[in-house]
Visitor: 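Pasting a structure here, questions to come.
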Amino acid sequence: MTQTEKLKTVKKDLRSIDIEGSLFSGQCFRWDYLRNGKQIYFGVIDDNIFIIKKAKQTSYTITTSKNFSHDEAFHEFMNNYFCLDIDPNELFPVEFSERYPGIWKLIKPYLGLKILRQNAFETLITFMCAQGLGMKIIRRQISYLAKEYGEQYTVPLEGKPFIYYGFPSPETLAGTNPESLRLCTNNNCIRAKNIIDAAKSVASGVLDLECLKDPEMPLETARKRLCAHSGIGYKIADCILLFGLHRFSAFPIDTHVRQYLASWFSVGDALQTLTQKNYLFLQDQALRLLKPEFAGFAGHILFHSWRKEIKHLTTY
DNA sequence: CTCCAGGACACTT
DNA sequence: AAGTGTCATGGA
């Protein structure tokens with residue numbers, strides 16, 4: 001199905017946000033940018049197409065395919081998506097900058113990095129695709145997934161029609177089969193099956209993602225619910241909690257996190273294998289270094305800084 | 001050919 | 001409960 005929609009443009013001052021870092025730090029794989037040097041980013045949030053164009057130093061013009069009722073509603077939406085209600089100055093403990101001046105100097109330029117309040121189902125599937133793979137391949141999988149199973153939209157971008165794909169619904173993914181879906185999961189049939197099973201759980205209501213957002217539910221309980229599904233371990237579950245369920249205390253630990261914990265904070269041993277016990281130990285140590293309520297948020301800033309400043313990774 | 005990429009899981013102790 | 005080997009796939 002193709003639909004052409006009219007675009008509406010709103011100006012917004014996003015000076016406090018590191019847009020590029022937020023969109024391309026590995027918390028989402030659906031945003032893209034025009035590869036012509038211009039700072040134009042585009043992506044889909046809940047079937048609404050967003051085009052973010054840098055206008056001046058601090059202001060951006062944002063174009064959407066679906067209209068908001070008024071500008072205030074638009075701003076409210078953006079503030080929520082980009083987490084502007086969370087003060088970056090509150091993310092780290094007050095004593096952090098004095099205890100780790102060298103690290104603080106490195107991460108300071110990245111304090112504008114935001115955790116995005118993304119769609120829960122999209123994040124669930126995205127990070128199920130992330131198991132043991134590089135970001136480039138993860139991105140490709142998600143791209144294929146949307147292209148194959150998502151709804152198609154055409155909107156004008158820079159004067160030319162541009163084709164976007166929405167993220168497939170739980171029902172759509174639940175209705176496919178592993179042999180078809182494996183084309184979108186790096187040829188991995190097991191992963192395809194796991195994704196279909198998870199989509200079925202969400203579609204049938206067995207897995208209620210919304211209730212996992214409820215702060216009243218302990219983080220451990222929410223993680224346990226996610227881990228009950230095949231293909232989701234602690235790490236993936238924590239990613240889903242942090243990036244898709246707005247749980248800023250969830251602290252996912254991967255190879256990069258392990259590296260910076262060892263190198264920057266002398267926590268654990270980078271050579272030690274990441275067993276469940278070790279995972280929980282490292283997580284506990286991280287909660288001591290950081291503010292427990294924002295451990296994951298701050299951790300993502302550290303993660304991004306580590307990848308950029310130390311490992312010099314340009315792929316995302 | 002080897003190693004790595006934002007791991008998960010079954011199978012021994 | 002905790003540790004260890006295996007699985008799975010494409011890209012560098």
Side-chain angles (χ1 to χ4, degrees), chain A residues 21-31 110 113 115-116 118 122-145 178-179 181-198 220 223-245 247 250-264 268-284 286 295-316:
Chain A
S22 303
L23 300 181
F24 304 108
S25 57
Q27 62 175 310
C28 60
F29 300 93
R30 292 271 290 146
W31 283 89
Y110 297 100
L113 184 69
I115 295 293
L116 306 175
Q118 302 182 84
E122 188 174 319
T123 310
L124 169 73
I125 303 302
T126 297
F127 280 93
M128 288 186 77
C129 288
Q131 182 200 49
L133 296 176
M135 289 197 185
K136 196 174 176 183
I137 294 180
I138 298 170
R139 178 174 290 275
R140 191 177 63 186
Q141 291 178 86
I142 303 304
S143 166
Y144 285 172
L145 210 57
E179 289 71 30
L181 190 63
R182 70 183 299 175
L183 299 172
C184 308
T185 56
N186 208 37
N187 265 327
N188 190 322
C189 207
I190 298 171
R191 180 173 302 149
K193 185 187 181 307
N194 288 340
I195 286 174
I196 292 168
D197 287 346
E220 297 302 318
R223 180 162 69 180
K224 203 175 284 183
R225 294 267 177 92
L226 290 170
C227 288
H229 297 77
S230 186
I232 303 179
Y234 280 170
K235 193 275 173 179
I236 301 294
D238 283 333
C239 283
I240 298 166
L241 287 164
L242 176 61
F243 301 128
L245 297 170
R247 297 281 200 146
F251 190 90
I253 296 171
D254 69 345
T255 51
H256 297 109
V257 175
R258 222 162 23 133
Q259 286 168 27
Y260 80 62
L261 282 177
S263 172
W264 282 350
D269 181 356
L271 298 174
Q272 211 170 352
T273 52
L274 197 53
T275 62
Q276 276 201 358
K277 186 189 174 188
N278 199 5
Y279 187 97
L280 294 175
F281 169 76
L282 293 177
Q283 208 163 50
D284 185 59
F297 202 131
H300 191 59
I301 292 177
L302 290 165
F303 169 84
H304 187 55
S305 309
W306 174 262
R307 282 174 52 86
K308 294 274 279 187
E309 297 295 323
I310 307 298
K311 300 200 81 178
H312 304 291
L313 289 173
T314 50
T315 58
Y316 51 82

Visitor: I'd like to check the ring-ring contact (aromatic ring centres under 6.0 Å, His included) partners of A:Trp306; sequence neighbours left out, ordered by chain and number.
Guide: A:Trp264
Visitor: Can you check the distance between B:dC3 and C:dG5, where both ends of the measurement are the P atom (answer in whole Å)?
Guide: 16 Å
Visitor: Select base, sugar-phosphate, or nothing to describe what A:His304 touches, counting heavy atoms under 4.0 Å on all strands.
Guide: nothing
Visitor: Starting at the 5' end of DNA chain B and moving along, which residue's nearest nucleotide shows up first, A:Lys311 or A:Ile236?
Guide: A:Lys311
Visitor: If you assign each of A:Val257 and A:Asn194 to its closest nucleotide in DNA chain B, which residue comes earlier from the 5' end?
Guide: A:Val257
Visitor: A:Tyr279: which residues meet the ring-ring contact (aromatic ring centres under 6.0 Å, His included) condition with it, sequence neighbours left out?
Guide: A:Tyr234
Visitor: What residues from residues 225-233 of chain A pass a heavy-atom cutoff of under 4.0 Å to DNA chain C?
Guide: none
Visitor: Please write out each protein N/O paired with an N/O of nucleotides 4-6 of chain C under 3.5 Å, distance rounded to 0.1 Å.
Guide:
none

Visitor: Quantified in whole Å, what is the P atom distance between nucleotide B:dA8 and nucleotide C:dG11?
Guide: 22 Å
Visitor: I need the minimum non-hydrogen distance between A:Asn186 and A:Gln141, along with the two atoms involved.
Guide: N-OE1, 3.8 Å
Visitor: So, A:Gln131 versus A:Asn188: side-chain donor-acceptor pair below 3.5 Å or not?
Guide: no
Visitor: Give one of base, sugar-phosphate or nothing for A:Phe127, where a contact means two heavy atoms less than 4.0 Å apart.
Guide: nothing
Visitor: For A:Lys277, which contact category applies under a 4.0 Å heavy-atom criterion: base, sugar-phosphate, or nothing?
Guide: sugar-phosphate
Visitor: Tell me which donor-acceptor pairs under 3.5 Å the side chains of residues 295-304 of chain A have, and how far apart each pair is, sequence neighbours excluded?
Guide:
{"from": "A:His300", "atom 1": "NE2", "to": "A:Ser25", "atom 2": "OG", "distance (Å)": "2.8"}

Visitor: Under 3.5 Å between N/O atoms: give me all the protein pairs with nucleotides 8-12 of chain C, atom names plus distance.
Guide:
{"from": "C:dT9", "atom 1": "OP1", "to": "A:Asn187", "atom 2": "O", "distance (Å)": "2.9"}
{"from": "C:dT9", "atom 1": "O3'", "to": "A:Asn186", "atom 2": "O", "distance (Å)": "3.3"}
{"from": "C:dG10", "atom 1": "OP1", "to": "A:Asn187", "atom 2": "ND2", "distance (Å)": "2.7"}
{"from": "C:dG11", "atom 1": "OP1", "to": "A:Arg140", "atom 2": "NH1", "distance (Å)": "2.9"}

Visitor: Work out which heavy atom in A:Trp31 is nearest to a heavy atom in A:Arg139; give both atom names and the distance.
Guide: O-NH1, 2.8 Å
Visitor: Take atom P in B:dA5 and the same atom in C:dG3, then report the distance between them in whole Å.
Guide: 24 Å
